[in-house]
2 protein chains.
Amino acid sequence: MIRSEDRPVCHRSSPGHHCEGCSVRPLAVCGALGPGELERLSRVSSSQRIAAGSCLIEEGEPAECVFTVLEGILKLYKLMPDGRRQVTGFLIPGDFVGLAFGESYIYTAEAVVEGAACRFTRNQFHRMMEEFPALEGRLLSKVSTELAAAQEQMLLLGRKTARERLATFLLGLARRMNRSAGEQVRLPMGRADIADFLGLTVETVSRTFTAMRKAGYLSTVDKHGVVITDLDRLREAAGD
Amino acid sequence: MIRSEDRPVCHRSSPGHHCEGCSVRPLAVCGALGPGELERLSRVSSSQRIAAGSCLIEEGEPAECVFTVLEGILKLYKLMPDGRRQVTGFLIPGDFVGLAFGESYIYTAEAVVEGAACRFTRNQFHRMMEEFPALEGRLLSKVSTELAAAQEQMLLLGRKTARERLATFLLGLARRMNRSAGEQVRLPMGRADIADFLGLTVETVSRTFTAMRKAGYLSTVDKHGVVITDLDRLREAAGD
DNA sequence: CATTGGTGTTGATCTGGGTCAATGCGGCCA
DNA sequence: TGGCCGCATTGACCCAGATCAACACCAATG
């Protein structure tokens, strides 16, 4: 296991950037704002690169900032004292990070691949929400979507078999990445991350991939590429 | 298993009620509003009783209304086609029900014991939120809290042992009901509901209760009462 | 080009919790 | 007062997935 002192550190860049030209804005909470408001937003935000394997925020640390993912993939996870880990989700550009009701972050957000995020202090973001209720509305909608996904994941973790879990995961990923059957789905995360997301071990994930390959549901390209070759049967294997 | 056609039906009462006098308001989203605004709210809401075992909303049904729990306990759950069930949470007075981004409810809300709820149509509630952003703020805060609880539950379902799950559940319940060690915690739900919440079977829940009783962590009063007799060891058993 | 370390796969074995089945135990109604 | 009926508990056995161990496959490094 990688401990925090082994991980690369986030590089913090200067705030000289422009929200108007931001390509993820339509996807993000900031999509709620008009041109004049974006000017205000630009002044209170700053972008930063995130090296692969580095943590944007860490569970238990004081929650001072919130972020919008600009680029890359992040994984969110919680740890138990003995090292058991549960990945609670993967974030893609446009997603919001850092919601913490209380003083501290309740999960760690670690970059799976190199990326970037847009940072606000919680205070400034709060002020922006008070000033522009549309921002709060967008955030509510984002958080609600996340809650729905979390409930779906509880069903997966509480009641699905290993095969159903992996099938559900792959279908969800394909849908989220707008891939249809036949197209390649990229899995930027490693087997350990998938296992910790699905509540399984790496061995079981690996065996289940092999079983699905043999059953003809899918083929794997290299260790990060999957092609769904029989969508119906994969759907059936997902069980719901 | 109880199918919907066997269940009692919700009784719908008239809208003649007053938000000002509402005892759960301080806990609920409506706590955001002032006296004049409550007058408006009274006009678009109506209260209804919920018989034990009846469903306030059902997974897959068109999502027309949202609710605040006034009284009683509800369980939220999702079903798989073959009947496997995951309880995603229990609601107490002040909690909000019915968030559904999309056309349909994504879970069923069923009364564990007889209770009551305050109903709004989604449209009217939306209009109220646009008019009074503070309402949206309170809802965001409620939903964020629920999301945090859902992430905690993912850790439980994905990574904890049966003993850890039950210990975590009991500690959470005691905290939520403001009970300290030595006081009785009431479990209005049956073993099947607990099992479906913790991703276990009734047999395992029962065996784990027995093991904890024998180990001296707790004693059971009747089948719905639990007294935590050794808080430290129960905390230790929760593992985190 | 050999070496090493990180990641994935496969095999053998073990076990926590599931499954199946019997029994206990009130509460309720006739 | 006895006979259900709906839970909860307990016991015996089983199995999906965990654990432990070996090995394969690069990519990076000297």
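In what follows, every chain begins at residue 1, and chains take the letters A, B, ... in the order their sequences are listed.
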Are any protein N/O atoms closer than 3.5 Å to N/O atoms in nucleotides 21-26 of chain C? If there are, list each pair with its distance.
none

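- The stretch residues 168-184 of chain A participates, sequence neighbours left out, in these side-chain hydrogen bond (donor to acceptor under 3.5 Å, both in side chains) pairs: Asp95(A)-Arg176(A), Lys160(A)-Thr168(A), Ser180(A)-Glu183(A), Gln184(A)-Arg186(A).
- In the displayed structure, Arg233(B) atom CZ is contacted under 6.0 Å by more than 12 heavy atoms of other residues, nucleotides or ligands.
- The side-chain hydrogen bond (donor to acceptor under 3.5 Å, both in side chains) analysis of residues 97-107 of chain A, with sequence neighbours excluded, yields no pairs.
- What you find for Arg159(A) and Arg84(B) is that their closest heavy atoms are O-NH1, 2.9 Å.
- For residues 205-215 of chain B, the side-chain hydrogen bond (donor to acceptor under 3.5 Å, both in side chains) pairs, not counting sequence neighbours, are Arg213(B)-Thr220(B).
- Atoms CG (Asp222(A)) and C1' (dG8(C)) sit 12 Å apart, rounded to a whole Å.
- Atom-to-atom, CG of Asp82(B) to P of dT19(C) comes out at 11 Å; the value is rounded to the nearest Å.
- Of the candidates dG11(C), dT19(C), dA8(D), the closest approach to any side-chain atom of Arg191(B) belongs to dA8(D).
- When the P atom of dG18(C) is taken as reference, atom CZ of Arg85(B) falls 15 Å away, rounded to whole Å.
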I'd like a list of close polar pairs between nucleotides 15-17 of chain D and the protein, N/O only, cut-off under 3.5 Å.
unit_1, atom_1, unit_2, atom_2, d
dG17(D), OP1, Ala162(A), N, 2.8

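- Here Thr145(B) pairs with nothing under the side-chain contact (heavy atoms from CB on, under 4.5 Å) rule; sequence neighbours left out.
- In this structure, CZ of Phe209(A) is placed 16 Å from P of dT7(C), rounded to the nearest angstrom.
- Between Ser206(B) and dT10(D), a side-chain N or O to OP1/OP2 separation shorter than 4.0 Å is absent.
- Side-chain N/O atoms of Arg213(B) include one lying less than 4.0 angstrom from OP1 or OP2 on dT9(D).
- As a whole-Å value, the separation of Arg159(A) CZ from dT19(C) C1' is 13 Å.
- Among all heavy-atom pairs drawn from Asp240(A) and Leu79(B), the shortest one is OD2-O, 3.6 Å.
- Taking atom CE of residue Met189(B) and atom P of nucleotide dA8(D), one finds them 11 Å apart after rounding to whole Å.
- Rounded to an integer number of Å, the gap from CZ of Arg207(B) to P of dG18(C) is 9 Å.
- What you find for Val87(B) and Asp193(B) is that their closest heavy atoms are CG2-O, 3.9 Å.
- The nearest whole Å value for the distance from the NE2 atom in His224(A) to the P atom in dT7(C) is 9 Å.
- Gln86(B) approaches Phe197(B) most closely through the heavy-atom pair NE2-O, 3.1 Å.
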